[in-house]
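The block underneath contains the structure these notes are about, expressed in structure tokens.
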2 protein chains.
Amino acid sequence: MTRQRALILRLIRESGEHPTAEEIYRKAKEEMPGIALATVYNNLNHLAQEGEIRKISFCGSSDRYDKTSVPHIHLICDRCGRLRDWPSEGFAAELERWLGFAVESYELAVHCICPACSAENHSSN
Amino acid sequence: MTRQRALILRLIRESGEHPTAEEIYRKAKEEMPGIALATVYNNLNHLAQEGEIRKISFCGSSDRYDKTSVPHIHLICDRCGRLRDWPSEGFAAELERWLGFAVESYELAVHCICPACSAENHSSN
DNA sequence: ATCAGAATTTAGAATGATTTTAAAAAAGGG
DNA sequence: CCCTTTTTTAAAATCATTCTAAATTCTGAT
């Protein structure tokens, strides 16, 4: 565990978002100006293989990284455009029941008007 | 609707797979040798915006294109590595019930041992 | 602490996918 | 047909990511 790897892991864990390699690189440089972009990529791949984090990919955007490798639902709001996690306990079991076979893991992105935007809208109209 | 666009749409519709732009380009050149790769990209984007096809993206692979824009489940088999469609009628409704709000569309990739591989395995042991 | 070997970091070059450019060609409506 | 708009083409440009090779840092055994 090098200083660089520890920093990168911490930055992802602290992030409430789903940062790209470039975004992690920018934050990392604030604390360790000499760090190389290749180091960020190396470590993101390494951490993902170890199961510390998860690489996710969405159309029309660079790969993003998730602070946990535990599968969960991603909401993409058609109104505010935000990408957020949604509590997903029990969803894998539900999915297995529906499909009729065992699921190793899943990636689910839901496009919707997110509950937050939906609430805003109703109260302001 | 140009000849090029019609060809590209037909090739995707005829494909049982989820081809990449490069794969579509290779097939297209067999019927129209002078076609440019940029034309393939232009039309894939155009067709996706029109809702004729859907762009999908998976980690570690170029973007792929799906013959329909109707959401459905993708199975990625951990054994054979194949990416296949899975019948998904009623799944959106199930998802909405589970989430508690309306879903515009979704992208779901399930990692598993696919039923085909699972069956093979049992009969040969 | 010290050494050797393995793993990691770095900067920059290389690769691969996709988009942009500008000019030529084709489509489509009146 | 003619005009206008859209599309196509080839090449260059861009963007994300990986590779390279040399220098550095880690690790674990002495």
Side-chain angles (χ1 to χ4, degrees), chain A residues 1-13 15 17-66 69 74 76 81 83 107 109, chain B residues 1-13 15 17-66 69 81 83 107 109:
Chain A
M1 177 66 61
T2 60
R3 287 177 311 124
Q4 288 86 342
R5 182 167 303 163
L7 170 59
I8 289 162
L9 181 56
R10 178 165 63 73
L11 290 176
I12 297 171
R13 288 276 158 83
S15 166
E17 324 251 309
H18 301 82
T20 61
E22 191 63 37
E23 287 163 356
I24 295 162
Y25 174 56
R26 278 203 293 275
K27 275 193 206 161
K29 270 203 298 193
E30 292 172 13
E31 298 194 32
M32 196 184 283
I35 198 170
L37 180 54
T39 301
V40 173
Y41 276 103
N42 284 344
N43 282 302
L44 289 172
N45 286 333
H46 188 105
L47 291 166
Q49 277 188 331
E50 273 186 327
E52 290 290 337
I53 64 176
R54 176 178 269 238
K55 193 192 240 189
I56 51 184
S57 102
F58 298 100
C59 281
S61 151
S62 318
D63 287 348
R64 293 179 172 276
Y65 296 86
D66 210 324
S69 67
H74 289 119
I76 301 173
L83 164 59
E107 282 136 51
Chain B
M1 175 67 60
T2 60
R3 287 177 311 123
Q4 288 86 343
R5 183 167 302 162
L7 171 60
I8 288 162
L9 181 55
R10 179 165 63 72
L11 290 175
I12 297 172
R13 287 277 158 81
S15 167
E17 323 251 311
H18 301 83
T20 61
E22 191 63 37
E23 286 162 357
I24 294 163
Y25 174 56
R26 278 202 294 273
K27 277 193 204 159
K29 270 203 298 194
E30 291 172 14
E31 298 193 33
M32 196 185 283
I35 197 169
L37 180 54
T39 300
V40 173
Y41 275 104
N42 284 345
N43 281 303
L44 290 172
N45 286 333
H46 188 104
L47 291 166
Q49 276 189 332
E50 272 185 329
E52 292 289 336
I53 64 175
R54 177 178 268 238
K55 192 190 239 189
I56 51 183
S57 106
F58 298 101
C59 282
S61 151
S62 316
D63 286 350
R64 294 178 173 275
Y65 296 86
D66 209 326
S69 67
L83 165 59
E107 282 134 52

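Computed from a prediction, not measured in an experiment: that's the story for all the values here. In what follows, every heavy atom counts, from backbone to side chain, and hydrogens, waters and symmetry copies are set aside. Naming convention: chains lettered A, B, ... in sequence-line order (proteins, then strands); numbering from 1 in each chain.
For A:His74, the ring-ring contact (aromatic ring centres under 6.0 Å, His included) partners are A:His18, A:Phe58, A:His72, not counting sequence neighbours. With sequence neighbours excluded, the residues forming a side chain to side chain contact (heavy atoms under 4.5 Å, CB included) with A:Ser62 are A:Thr20, listed by chain and number. Taking the side chain to side chain donor-acceptor pair (under 3.5 Å) definition, one finds that A:Ser61 meets it with A:Arg64, sequence neighbours left out. With sequence neighbours excluded, no residue forms a side chain to side chain donor-acceptor pair (under 3.5 Å) with B:Asn42.
Look at NE2 on A:His46: it is 13 Å from C1' on D:dC26, rounded to the nearest Å. Per the geometry, OH belonging to B:Tyr25 stands 14 Å off P belonging to C:dT18, to the nearest Å. For the pair A:Leu47 CG and C:dA7 P, the interatomic distance rounds to 17 Å; values are reported in whole Å. Put simply, CG on B:Leu44 is 13 Å from C1' on C:dT19, counting in whole angstrom units.
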For nucleotides 8-19 of chain D, 5' to 3', base contacts (B), sugar-phosphate-only contacts (S) and non-contacts (-) with protein non-hydrogen atoms under 4.0 Å give BBB-----SBBB
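Every pair tested for salt bridge (charged side-chain N to carboxylate O under 4.0 Å, His left out) that includes a residue from residues 32-43 of chain A fails, sequence neighbours excluded, so the list is empty. Contacts classified as salt bridge (charged side-chain N to carboxylate O under 4.0 Å, His left out) and involving residues 51-60 of chain B (residues at least two apart or in different chains) are given here: B:Arg13-B:Glu52, B:Arg54-B:Glu107, B:Lys55-B:Asp63.
Relative to the axis of its first five pairs, the axis of the last five pairs of the helix from C:dA1-D:dT30 to C:dG30-D:dC1 sits at 50°, rounded to 10 degrees.
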Which donor-acceptor pairs under 3.5 Å do side chains of residues 25-39 of chain B form with protein atoms, sequence neighbours excluded?
| unit_1 | atom_1 | unit_2 | atom_2 | d |
| --- | --- | --- | --- | --- |
| B:Glu31 | OE1 | B:Arg10 | NH2 | 2.6 |
| B:Glu31 | OE2 | B:Arg10 | NH2 | 3.3 |

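Interatomic distance, A:Leu11 CG to A:Tyr65 OH, rounded to the nearest 0.5 Å: 14.5 Å.
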